[in-house]
There are 2 protein chains.
Amino acid sequence: MTEEPSKLPRLTLARQIRDSLVGRIVSGQVRPGERLVETRLAATYGTSQAPVREALRELEAMRLVETQPRRGTFVRPFIQETLRESYVVRAALEESATRLALLAGTVPVEAMRAEVEAMRAAAQAGDSEASARASVSFHRHIVEAAHNELLKLTWEGLQIEARTSVTMVATEVDLHDIVRDHAELLAAIEGGDLETACRQARDHQWHYADLPHDAHGRMRDSATG
Amino acid sequence: MTEEPSKLPRLTLARQIRDSLVGRIVSGQVRPGERLVETRLAATYGTSQAPVREALRELEAMRLVETQPRRGTFVRPFIQETLRESYVVRAALEESATRLALLAGTVPVEAMRAEVEAMRAAAQAGDSEASARASVSFHRHIVEAAHNELLKLTWEGLQIEARTSVTMVATEVDLHDIVRDHAELLAAIEGGDLETACRQARDHQWHYADLPHDAHGRMRDSATG
DNA sequence: CGATAATCAATTATCGATAATCAGTGAGGA
DNA sequence: TCCTCACTGATTATCGATAATTGATTATCG
């Protein structure tokens with residue numbers, strides 16, 4: 001589900017700051033090892049220290065920064081490596097999700113087909129962000145179909161896109177290839193052979209692990225008030 | 001909270017509160033679904049709202065509570081379901097870890113053999129705690145051998161599920177069976193066939209998911225965390 | 001000269017107060 | 001009667017200010 005721009009319940013300040021920082025970190029605007037000073041950030045965003053602090057705590061939970069009590073919080077080194085590692089972990093989770101969903105016969109084939117179509121449309125429009133969004137939805141369908149709440153929680157925890165408004169987009173990838181990859185994966189899932197589908201689900205993720213990525217997404221600057 | 005005579009605020013207030021709350025939650029002093037009101041907690045601990053809030057954020061990261069923005073935070077109702085679910089997630093991670101470790105040739109066979117022996121000794125002594133510890137170590141070896149920091153972090157994050165909802169040890173499980181299971185798994189890993197080993201790693205965990213568990217959901221004493 | 005203590009500036013951790021928002025309740029109107 | 005909506009009490013989100021701690025710098029002394 002995408003967020004409705006209409007009646008935006010005006011997200012919490014901390015959330016906005018968090019998303020902004022996520023974007024800045026994964027896009028490399030703030031360097032690994034760099035210190036994030038609460039008071040300075042507060043000044044930058046035009047807020048008080050509290051929401052900034054809260055945002056930093058969430059970043060820590062996302063493993064984007066690490067905090068040493070009373071000493072400050074720093075952008076973790078090796079963010080890019082972690083991003084790459086996350087594909088492997090996601091692969092593990094999604095392979096299992098695929099297995100569970102197939103065994104339970106709960107794969108939402110129609111919905112997934114629709115996402116593939118969305119990807120196709122995005123590819124033709126050259127809209128890489130839309131493609132990425134559709135991809136996330138595609139994979140989320142599988143994870144949800146497994147009907148394992150903890151699995152889903154764990155998966156979401158790895159998915160920066162799932163938790164923020166930031167989108168990671170693989171650069172140098174033909175959007176049409178993405179469509180094809182997902183179509184093939186879906187075909188394997190529909191094909192009915194459990195092991196083949198699972199392997200495909202895994203390989204699908206592993207494949208992307210080595211590609212370079214870019215961050216996109218709106219990150220509002222200072223607050224309105 | 002009681003003022004410790006030692007003048008050293010060894011830890012941050014937020015940390016102390018967090019730890020206290022963890023204890024109360026896993027010990028069942030606060031019920032699943034129960035609401036945790038920041039102001040009330042602050043009063044209880046004799047602090048202001050800030051450190052409580054921060055503690056709650058960390059609990060959220062631990063999946064012990066869930067927060068709905070502007071509505072409050074509630075103790076996550078982790079029924080027995082969560083424990084069972086955790087086995088599946090663990091299976092996913094460990095299967096992948098096995099694959100990675102085998103591909104990299106980094107499996108610490110000796111250390112794992114030692115853990116199996118520890119289990120054997122524990123079995124003969126009827127010490128289920130020791131058996132459980134050895135088992136965790138055994139599996140941790142594999143996860144670490146994968147050399148994927150995120151995978152390890154994710155895996156470690158699962159331990160809390162095991163610790164919290166149930167006394168971990170399935171009822172009616174013969175400690176000698178545990179020894180045998182692990183020995184077989186290790187043999188498969190040493191055997192060299194990738195897919196066999198991976199499948200075994202997965203089944204090993206899935207197996208436990210199907211066992212009946214003691215559901216009293218309480219640890220004997222939450223202290224000495 | 002080198003080590004230690006005293007001092008200082010920067011920053012985090014915490015506080016107490018206030019604004020914003022939510023859930024519940026009862027009055028008024030179709 | 002049922003529904004809408006303003007009102008109220010409770011609670012979260014945010015603020016601005018202060019206490020406490022850190023790391024660096026300088027002064028002191030052997």
Side-chain angles (χ1 to χ4, degrees), chain A residues 3-4 6-22 25 30-31 33-61 64-76 163-165 219-225, chain B residues 1-22 30-31 33-61 64-76:
Chain A
E3 52 211 60
E4 318 294 348
S6 56
K7 174 59 196 303
L8 261 186
R10 207 175 56 159
L11 286 169
T12 260
L13 262 184
R15 283 280 150 94
Q16 297 176 239
I17 295 173
R18 180 199 67 182
D19 286 1
S20 168
L21 286 176
V22 169
I25 291 173
V30 293
R31 300 257 155 213
E34 192 170 326
R35 180 174 189 177
L36 297 177
V37 178
E38 298 178 1
T39 48
R40 190 176 353 270
L41 288 174
T44 303
Y45 288 108
T47 72
S48 75
Q49 205 183 330
V52 170
R53 220 177 140 70
E54 201 167 319
L56 289 179
R57 275 292 119 79
E58 294 200 46
L59 291 196
E60 195 180 13
L64 288 177
V65 305
E66 63 187 329
T67 297
Q68 301 171 305
R70 299 209 144 88
R71 294 197 180 157
T73 97
F74 304 79
V75 177
R76 284 210 153 164
R163 301 174 55 164
T164 72
S165 63
M219 337 153 181
R220 40 207 117 210
D221 289 65
S222 55
T224 51
Chain B
M1 138 164 308
T2 54
E3 305 279 354
E4 290 306 308
S6 61
K7 61 187 186 301
L8 292 181
R10 195 161 298 284
L11 286 172
T12 250
L13 260 185
R15 282 290 150 88
Q16 297 175 242
I17 294 173
R18 180 198 67 181
D19 291 346
S20 167
L21 285 176
V22 169
V30 293
R31 302 256 153 212
E34 192 171 324
R35 180 173 190 178
L36 296 176
V37 178
E38 297 178 1
T39 48
R40 191 176 354 270
L41 288 174
T44 303
Y45 287 109
T47 72
S48 76
Q49 205 183 331
V52 170
R53 220 178 139 69
E54 201 168 318
L56 289 179
R57 272 292 124 79
E58 295 199 45
L59 291 195
E60 194 181 13
L64 286 177
V65 304
E66 63 186 329
T67 298
Q68 300 171 303
R70 300 207 143 90
R71 293 200 179 154
T73 97
F74 303 80
V75 177
R76 199 181 273 285

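None of the values given here were measured: they were computed from a predicted structure. Each chain gets a letter, A, B and so on, in the order the sequences are listed, and its residues count up from 1.
- Remark: E38(B) engages Q49(B), R53(B) in a side-chain hydrogen bond (donor to acceptor under 3.5 Å, both in side chains) (not counting sequence neighbours).
- If you check dG16(C), dT14(D), dA13(C) against the side chain of R70(B), the one that comes closest is dT14(D).
- dC29(D) is paired with dG2(C) under the Watson-Crick or G-U wobble criterion, all donor-acceptor distances under 3.5 Å.
- For the pair L56(A) CG and dT11(C) P, the interatomic distance rounds to 14 Å; values are reported in whole Å.
- Using a 4.5 Å heavy-atom cutoff, the side chains of Y45(B) and P51(B) are not in contact.
- Spacing between atom CD1 of I17(B) and atom P of dC15(C) amounts to 8 Å, rounded to whole angstrom units.
- Residue R35(A) has its side chain nearest to dT11(C) when only dC15(C), dT14(D), dT11(C) are considered.
- In this structure, R18(B) atom CZ and dA13(C) atom P are separated by 13 Å, rounded to whole Å.
- You'll find the side chain of Q68(B) reaches within 4.5 Å of the side chain of F74(B), heavy atoms only.
- Using a 4.0 Å heavy-atom distance criterion, L36(A) is classed as a sugar-phosphate-only contact.
- Among dT14(D), dT14(C), dT12(D), the nucleotide with an atom closest to any side-chain atom of Q49(A) is dT14(C).
- With respect to the salt-bridge test (charged N to carboxylate O, under 4.0 angstrom), the residues R15(A) and E58(A) qualify.
- The distance between atom CZ of F74(A) and atom P of dT11(C), rounded to the nearest whole Å, is 11 Å.
- The side chain of P69(A) approaches dA13(C) more closely than any other nucleotide in the set dA13(D), dA13(C), dT14(D).
- Nucleotide dA19(C) holds its P atom 16 Å from the CG atom of L13(A), rounded to whole Å.
- Across the protein-nucleic acid pair, E38(B) atom CD and dT21(C) atom P stand 16 Å apart, rounded to whole Å.
- Residue R15(B) is classed as having no contact, given no heavy-atom separation below 4.0 Å to the nucleic acid.
- Side-chain proximity of A50(B) to dC15(D), dC15(C), dA13(C): nearest is dC15(C).
- Using a 4.5 Å heavy-atom cutoff, the side chains of L21(B) and L41(B) are in contact.
- Across the protein-nucleic acid pair, R53(A) atom CZ and dT14(C) atom C1' stand 8 Å apart, rounded to whole Å.
- Between the P atom of dT14(C) and the OH atom of Y45(B) lies a distance of 14 Å, rounded to the nearest Å.
- The side chain of R71(B) sits closest to dA23(C) out of dA23(C), dC15(C), dA13(C).
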